[in-house]
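No experiment lies behind these values; they were computed from the predicted model shown. When a residue number appears, it is its place in the shown sequence, counting from 1.
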Amino acid sequence: MYRTAIEQLLKWKQSKYRKPLIIEGARQVGKTWLMKEFGKTAYADTVYINFDSNSRMSELFSSDLDTDRLIRGLELYIGRKINPNNSLLIFDEVQEVPRALTSLKYFYENAPEYHIVCAGSLLGIALHPGTSFPVGKVDFLKLYPLSFKEFLMATDREQFAELLDSRDFQMITAFKETYIDALKLYYYVGGMPEAVQSFRDNKDFNEVREIQKRILEAYEQDFSKHAPNEIVPRLRMLWNGIPSQLAKENKKFIYGLIREGARAKDYETAIMWLTDCGLVHKVSRVNAAHIPLKAYEDLKAFKLFVVDVGLLGCMTGLHQHTLLEGNNLFIEFKGALTEQYVCQQLKTIDDLDVYYYTNDRGSSEVDFVVNTGEKIIPVEVKAEVNLKAKSLKTYQEKYSPEVCIRTSMTDYKKEEWLINLPLYAIDQIAKI
């Protein structure tokens, strides 16, 4: 399957300022496959080292971190010479040997000619501030589940993905039924690579659901295996409570919905753990829309979304027959799937900061507010065809943004202050 992250990896390879690269992302979003595919397509040789339960690597990195010595040890381990000009070094599950993470600093300073990429299913935890980590000595790349556009490409609709990038909305509208049908499938299948591959090969919804259940079980096992014992019960309650939070009209996260009397301080560590693992997207509120948005962030108010729309559907028991019921899928449990979908797509866009907005009285809410670096764009998400946008109009009158976006199932249309952008084209938001 084609992943757009390959293009970022190629830029990294060619950069004269290249540092060792760390790929972050939740378990099973395709990090290992991506690194190996990159090695296969862009290098003459790939050296793949998995650090999980690897006593020899633990031993190699346990003493001094002299880069010549480490390279010599790696060459002995793999049985061949490593050529810094055409070899890609892959360190997988690198968080299992923390000193291997520390060594990246010395590779950057003393042996920058080596091309090193690293990943690990719980690497976000290892990289948490306060651990021994080479800050400023590494590059980062975040990997998410397949975006809708990548899903189109994976399911033999490459020309439709290219058409979206052309932004020829007259032509796009002519083929809207193809996009809507594909979007329904994406809501159900989601973007986890194994689920997408299974659907592409077998078109079996039951098999897709079984894969999603296995992925969710693996996440829950990670809670018990890797999280501090005292927060495991809270992690489970928090994780399993996200669908009901998203089903509320006001999707702001409310601790009391997890357990009566629950308070922020009881769950802060659990939220941080899930965020660091890449399992949830935490979208904070802003109470004003000025650059930089981060200066107006309200740390006490936020929404939580899960990593993948297909997994959210699995958590809620969404049935495959819903796919056949017109556009009902898009308004399933108060449009929460649609808001999840939009958040997931926005997160895959480079250099886009994502927040949501409510005014101080709470009388006006805009589902997402994104900062492109140059402008702030409010985004109202409409799961239904009913397109009243009172909150967006209130926001527009107060802040006079250059452009406002309303994304829904209706066709593309540019009005005075508002662009109607179809849900299936939301990834074009920064380019319109």
Do [X] and [Y] touch side chain to side chain, with heavy atoms closer than 4.5 Å?
X      : Y      : answer
Met192 : Val29  : yes
Thr338 : Leu423 : yes
Ile172 : Phe160 : no
Asp92  : Met35  : yes
Cys314 : Leu216 : yes
Ser408 : Pro422 : no

Distance to the ring centre below 6.0 angstrom and angle to the axis at most 45 degrees; does that hold for [X] and [Y]?
X      : Y      : result
Lys347 : Phe305 : no
Lys282 : Phe302 : yes
Lys105 : Phe107 : no

Mark yes when over 12 heavy atoms from residues, nucleotides or ligands other than Lys203 sit less than 6.0 Å from its NZ; otherwise mark no.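 Enclosed: over 12 neighbouring heavy atoms sit under 6.0 Å from NZ of Lys203.
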Just wondering, more than 12 heavy atoms not from Asp350 lying within 6.0 Å of its CG?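 Counting neighbours around CG of Asp350, more than 12 heavy atoms of other residues, nucleotides or ligands fall under 6.0 Å, so yes.
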Pairing residues for Lys398 by the side chain to side chain donor-acceptor pair (under 3.5 Å) criterion, not counting sequence neighbours: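 If we apply the side chain to side chain donor-acceptor pair (under 3.5 Å) test to Lys398, skipping adjacent residues, there are no hits.
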Going by the rule side chain to side chain donor-acceptor pair (under 3.5 Å), which residues pair with Gln345 if we only count those two or more places apart in sequence or in a different chain?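 For Gln345 the side chain to side chain donor-acceptor pair (under 3.5 Å) partners, ignoring immediate neighbours, are Tyr186.
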Do the rings of Phe169 and Tyr412 sit parallel, tilted or perpendicular, given the 30° and 60° boundaries?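 The rings of Phe169 and Tyr412 lie parallel, inter-plane angle below 30°.
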What is the ring orientation for Tyr424 with Tyr179, classed by angle as parallel under 30°, tilted 30 to 60°, or perpendicular over 60°?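 It falls in the parallel class, under 30°.
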Cationic N near anionic O, under 4.0 Å, [X] to [Y]:
X      : Y      : result
Arg3   : Glu37  : no
Arg18  : Asp139 : no
Glu220 : Lys213 : no
Glu365 : Lys252 : no

For the ring pair Tyr399 and Tyr357, is the centre-to-centre distance below 6.0 Å?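 Under 6.0 Å, so yes.
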Phe199 and Tyr188: aromatic ring centres closer than 6.0 Å?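 No: the rings miss the under 6.0 Å criterion.
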Looking only at heavy atoms, which two atoms of [X] and [Y] are closest? And how far apart?
X      : Y      : answer
Leu318 : Arg209 : O-NH2, 2.7 Å
Lys149 : Ala161 : CG-CB, 3.7 Å
Ala154 : Leu146 : CB-CD2, 4.0 Å
Leu392 : Arg406 : CD2-CB, 4.4 Å
Gln340 : Leu246 : OE1-CD1, 4.3 Å
Gly190 : Val309 : CA-CG1, 4.0 Å

Polar contact flag, side-chain donor to acceptor under 3.5 angstrom, [X]-[Y]:
X      : Y      : value
Thr4   : Glu150 : yes
Glu93  : Asn50  : no
Glu415 : Asn420 : yes
Arg285 : Thr358 : yes
Thr269 : Arg234 : no
Asn359 : Ser364 : no

Rounded distance (nearest 0.5 Å) linking atom CG of Leu21 with atom CD of Gln8: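 The distance works out to 9.5 Å.
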To the nearest 0.5 Å, what is the distance between CG on Leu164 and NZ on Lys431?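 Rounded to the nearest 0.5 Å, the CG-NZ separation comes to 10.0 Å.
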Compile the donor-acceptor pairs under 3.5 Å between side chains in residues 287-297 and protein atoms, sequence neighbours left out, one pair per line.
residue	atom	partner	partner atom	Å
Lys294	NZ	Glu297	OE1	2.9
Glu297	OE2	Ser284	OG	2.9

Apply side-chain contact (heavy atoms from CB on, under 4.5 Å) to the pair Phe253 and Ile258, showing each step before the final yes or no. CA-CA 10 Å; Phe253 193 83; Ile258 307 175; 3.5 Å; yes
Applying side-chain contact (heavy atoms from CB on, under 4.5 Å), run through Asp266 and Tyr255 and close with a yes or a no. CA-CA 9 Å; Asp266 299 331; Tyr255 292 98; over 6 Å; no
Qualifying residue, where the test is ring-ring contact (aromatic ring centres under 6.0 Å, His included) with His281 and the options are Tyr341, Tyr355, Tyr144: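 Among Tyr341, Tyr355, Tyr144, the one that satisfies the ring-ring contact (aromatic ring centres under 6.0 Å, His included) with His281 is Tyr144.
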